[in-house]
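Convention: sequence-line order gives letters A, B, ...; per-chain numbering from 1.
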Amino acid sequence: NAGVTQTPKFQVLKTGQSMTLQCAQDMNHEYMSWYRQDPGMGLRLIHYSVGAGITDQGEVPNGYNVSRSTTEDFPLRLLSAAPSQTSVYFCASSYGQVGYEQYFGPGTRLTVT
Amino acid sequence: AQSVTQLDSQVPVFEEAPVELRCNYSSSVSVYLFWYVQYPNQGLQLLLKYLSGSTLVKGINGFEAEFNKSQTSFHLRKPSVHISDTAEYFCAVSPEYGNKLVFGAGTILRVKS
């Protein structure tokens, strides 16, 4: 099992550019989520999905879109990058929604100039 | 809504000494509690979790935590740390009937020889 994979590992964008962060899992998990990690702030939930075709907003959704067309994939789209979106992004998956261990990917370090 | 406070941003400790990383939470409903560890340049992995039952929870790598409902705390302890325990540790909470994990800001544990 590869677990949770994320691409790319690093990315530099200019303000206003768009891009998609990829996330895939091979554990047949229903629940997937995206977090951003900023120094001194822990991880904050951006969007999550409880199954294919179902997504919802987390704590900091503005400027990001998601879709879930398959169980395996959960891409995160930045529509028009801003310097405030410079962060490390983690994708996670779990078997269920409540009380289950979340498995994290290795992260994508994004810099917006 | 839930919130998590990790009382120390950094904890320096000598090798083989005991350590306690403190976590307090706030919630108006029953919660599940988690500790995750993040080694440098990696994603997070689960150390231990409390769902119900015994308030003393044992996890991987010799860590344990005690749930104290009256003090709304979930402190993490290890009786003797190793250099390899150097990492950032995150306390997290989710409502018993919800599906969002809320993280604390993290505590960096630095083990010195």
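- Following chains of ILVMFWY side-chain contacts shorter than 4.5 Å, one cannot reach A:Leu45 starting from A:Phe74, and the two form parts of different hydrophobic clusters.
- Using a 4.5 Å cut-off between heavy atoms, A:Leu43 contacts chain B through both its backbone and its side chain.
- Atom NZ of B:Lys58 has 12 or fewer neighbouring heavy atoms from other residues, nucleotides or ligands inside a 6.0 Å radius.
- What you find for A:Gln37 and B:Phe90 is that their closest heavy atoms are NE2-CZ, 3.2 Å.
- Hydrophobic cluster membership differs between A:Tyr31 and A:Leu76, with clusters built from Ile, Leu, Val, Met, Phe, Trp and Tyr side chains linked at under 4.5 angstrom.
- No continuous path of ILVMFWY side-chain contacts below 4.5 Å connects B:Tyr89 to B:Phe14, so the two sit in separate hydrophobic clusters.
- Both the backbone and the side chain of B:Phe103 come within contact range of chain A, with heavy atoms under 4.5 Å apart.
- Residue A:Tyr95 qualifies as open at atom OH: its count of foreign heavy atoms under 6.0 Å is 12 or below.
- Contact annotation for B:Leu101: both backbone and side-chain heavy atoms come within less than 4.5 Å of a heavy atom of chain A.
- Applying the disulfide (SG to SG under 2.5 Å) definition to pairs two or more places apart or across chains, those involving residues 67-113 of chain A are A:Cys23-A:Cys91.
- The two atoms that bring B:Ala105 and A:Gly40 nearest to each other are CB-O, 3.3 Å, heavy atoms only.
- In terms of hydrophobic clustering, with Ile, Leu, Val, Met, Phe, Trp and Tyr side chains grouped at heavy-atom distances under 4.5 Å, B:Phe67 and B:Val93 are assigned to a common cluster.
- Although no hydrogens or angles enter the test, the distance criterion places no donor-acceptor pair under 3.5 Å between the side chain of B:Lys49 and the main chain of A:Tyr100.
- Contacts between B:Leu44 and chain A at a heavy-atom distance below 4.5 Å involve backbone atoms as well as side-chain atoms.
- For B:Gln6, no part lies under 4.5 angstrom from a heavy atom of chain A.
- Other residues, nucleotides and ligands contribute more than 12 heavy atoms inside 6.0 Å of the CZ atom of A:Arg44.
- Put simply, A:Val60 and A:Trp34 are part of the same group of oily side chains (I, L, V, M, F, W, Y) that touch within less than 4.5 Å, one to the next.
- For the atom pair CZ of A:Phe90 and CD of B:Gln38, the computed distance is 4.5 Å after rounding to the nearest 0.5 Å.
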Working for side-chain hydrogen bond (donor to acceptor under 3.5 Å, both in side chains), residues B:Gln45 and A:Glu101: CA-CA 9 Å; B:Gln45 64 184 84; A:Glu101 173 180 359; over 6 Å; no
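- Atom CD of A:Gln17 is surrounded by more than 12 heavy atoms from other residues, nucleotides or ligands within 6.0 Å.
- Contacts between B:Tyr50 and chain A at a heavy-atom distance below 4.5 Å are absent for every atom of the residue.
- In this structure, the portion of A:Val50 lying under 4.5 Å from any heavy atom of chain B is its side chain and not its backbone.
- Neither the backbone nor the side chain of A:Gln6 comes within contact range of chain B; no heavy atom of the residue lies under 4.5 Å from a heavy atom of that chain.
- Ranking B:Gly104, B:Ser9, B:Ser94 against chain A, the residue ahead of the rest is B:Gly104, based on heavy-atom pairs under 4.5 Å.
- Between chain B and the options A:Arg109, A:Met41, A:Gln102, the largest number of non-hydrogen pairs under 4.5 Å is found for A:Gln102.
- Heavy atoms closer than 4.5 Å to chain B are found nowhere in A:Tyr103, neither backbone nor side chain.
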